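Below is one structure; the comments refer to it alone.
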Protein chains: 2
Amino acid sequence: MPRHPRIPDAGVTRLSLYLRELSRLEGEGASFVSSAELARALTLTSAQVRRDLSYFGQFGTSGRGYEIRRLKRIIPRILGLEGRMWRVALVGSGNLGSALLAYRGFRERGFVIKAVFDKDPRKVGRVVAGQRVEEAGWLADVVRGRRIQIGIIAVPAVAAQEVCRRLVRGGVRAILNFAPVSLAAPPHVKLRNVDLSVELESLSYYLSSLNANR
Amino acid sequence: MPRHPRIPDAGVTRLSLYLRELSRLEGEGASFVSSAELARALTLTSAQVRRDLSYFGQFGTSGRGYEIRRLKRIIPRILGLEGRMWRVALVGSGNLGSALLAYRGFRERGFVIKAVFDKDPRKVGRVVAGQRVEEAGWLADVVRGRRIQIGIIAVPAVAAQEVCRRLVRGGVRAILNFAPVSLAAPPHVKLRNVDLSVELESLSYYLSSLNANR
DNA sequence: GCATGTGAAATAATTCACAGCA
DNA sequence: TGCTGTGAATTATTTCACATGC
C-alpha cells in the first residue's frame, strides 16, 4: 500500500467505520456518497472523512462524492484485509469469548479463528460456534504449529499476562486484550487493550461534571 | 471537582487505568509509587502520568512519588465515582450481555445494574447473575421509573438504533454501545461506541504494513 | 539524590476555507 | 452547482527539560 507521509492513527481506525457504513449504504441501493453524508452517519466532520481518505489516494469525484463500490474495494486493500486471511487464536471461552466467537463480522473481514483455548477442563472438548475448545496447556506450540498471527485474550485479569506470554512464545504478532489489565509484550508484538470497564468510568466523569445531580 | 482549564479527554480515560494499577500495587503492599513506575506498568511516559494528575491538583511528593492510598481516594472523586451509585440498564442478555453482567468490576466502581432487558421471550424471566431478564417492550417506561442514568447496548446491530431511541426516551444520560453500528443520539446524551470488530481491523493495518508477509 | 510539577517546544489531529474539477 | 482535495491555521496532546522540594 502507498502509505503516505504521517497517517494519523485515529484515521486508520476510522477506515473500518467507513467500510461498515458503506456496506449499509450499498444495501440501501445507493451508489455514491458524499463526505458530508458519511460524516453525518458516523458523527464526524466532512473534512475528517475527506482527509482520512486522501492519505491513501484520490477516490472521490468532484460534485458527486465517492463511488461506494469503489471505496468498498479500496478500504480493505488499505487495511490489509484483501485477498488474505488472518489466523486467530481465541483464549478463554467464557461469556465474552463466546460472544466473540459468535460474531459473524470477524470472518466476513477475513479473521478466521483457528483455535479456541480454555484452562477449565470442563470446557475443553466442548464445541462453541463450530470450534472445539482445546486444552490451554500447549497453547504456544499449537499457536506456532497452526501459524496463528493474532491472539485474542478473553480470560480473567489474573490469567491474562501468562496467556499473553504464551501467545508471544507461540509467535503471534498482534494481541487484542479484553482482560482488565495492562499487559506487557515485546515491541515487535502489536498489543491493543479494549477495556470495557474503563469506558464506563470515563462516562461517569462526563456525567458528573456536566450537571450536579439528578 | 476543580476541573481546571483544558483537560485532555485522553487523560481522563487514563485516570481509570491509574486507579486499577494502584489497586494492584496496594495489593502488593506498596505504599508509594512514582510516575515512572506507573508509566512502565501502563506503557505510558512518566511525563504523561504527571501531567494527567497535575490537571486536578498536586498529589505527589518530591523524591518519593505518589502515596497510593491517597491517590486511590482522589481519583474516584475526580471521576465522579465517589459516594454515589450510577444506575445502569443493560439491553441484550446474549453472550456479550452476560459477560458484562458477570463482570464484578462494574459494581466495585459504583455501577449498579438495575434492569436487564431482552426481546427474546425465551430469555425473559431467566435470572442471569442475580438479575431477572425483563421484557424489552416497556423499556423506556421502566428506565424512567427506576431513574436509570446509563444504558448499555449489547444487542445485534439491526436492533441497536431502536434500543438507543428507547433508552433516550427513558431519560438516560449516557449510553455505552457495543453493537457494531454508529448510533445517533441527541446531544445531551453522551454516547460512546466500543467496537470489537474495528479494533481487530486496525490491527490488520499495522500487521500488514509492518512486514510483507509470513 | 530522586521525583514532582510545569513552562516551553514539539508533535498529532482536526478544522477552516477555498481553488479547482465534473 | 456541488463536492473533492489540500495548504494553512487551529486546537489537542505529548514530550522535553529543568527549577524546585523533600
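Just so you know, these numbers come straight off a predicted model, no measurement behind them. Protein chains get the first letters and strands the later ones, always in sequence-line order, with residue 1 at the start of each.
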| said: How many whole angstroms separate atom CZ of B:Phe59 from atom C1' of D:dC22? | reply: 19 Å
| request: Answer yes or no: does atom CZ of A:Arg64 have more than 12 heavy-atom neighbours from other residues, nucleotides or ligands under 6.0 Å? | output: no
| field | B/S/- contact track for nucleotides 12-22 of chain C, protein heavy atom under 4.0 Å | value | -SSB-B--BBS
| message | Keeping A:Ser93 on the side-chain end and A:Asp118 on the backbone end, is there a donor-acceptor pair under 3.5 Å? | response | no
| request: Find the distance B:Phe56:CZ to C:dT4:P and express it as a whole number of Å. | output: 18 Å
| task | Name all pairs fulfilling the side chain to side chain donor-acceptor pair (under 3.5 Å) condition that reach into residues 38-48 of chain A, sequence neighbours left out, sorted by first residue then second. | result | A:Ser46-A:Arg50
| Does A:Arg146 use its side chain to pair, donor to acceptor, with the backbone of A:Lys114 at less than 3.5 Å? | yes
| Derivation and outcome, side-chain hydrogen bond (donor to acceptor under 3.5 Å, both in side chains), residues A:Ser202 and B:Arg192 | CA-CA 10 Å; A:Ser202 54; B:Arg192 179 160 304 207; 3.0 Å; yes
| C:dT6 OP1/OP2 closer than 4.0 Å to side-chain N/O of B:Gln58 | yes
| field | DNA chain D contacts made by residues 23-37 of chain A, counting heavy atoms under 4.0 Å | value | A:Ser34, A:Ser35
| query | Counting N and O atoms only, with roles assigned by atom type, does the side chain of B:Gln161 sit under 3.5 Å from a partner on the main chain of B:Leu183, one being a donor and the other an acceptor? | reply | no
| request: Find the distance B:Leu38:CG to C:dC2:C1' and express it as a whole number of Å. | output: 16 Å
| Between the side chain of B:Arg20 and the main-chain N/O of A:Pro180, is any donor-acceptor distance below 3.5 Å? | yes
| task | Using whole Å, report how far CD of A:Glu67 lies from C1' of D:dG2. | result | 18 Å
| query | Can you check whether A:Leu42's main-chain N or O pairs, donor with acceptor, with A:Glu21's side chain at less than 3.5 Å? | reply | no
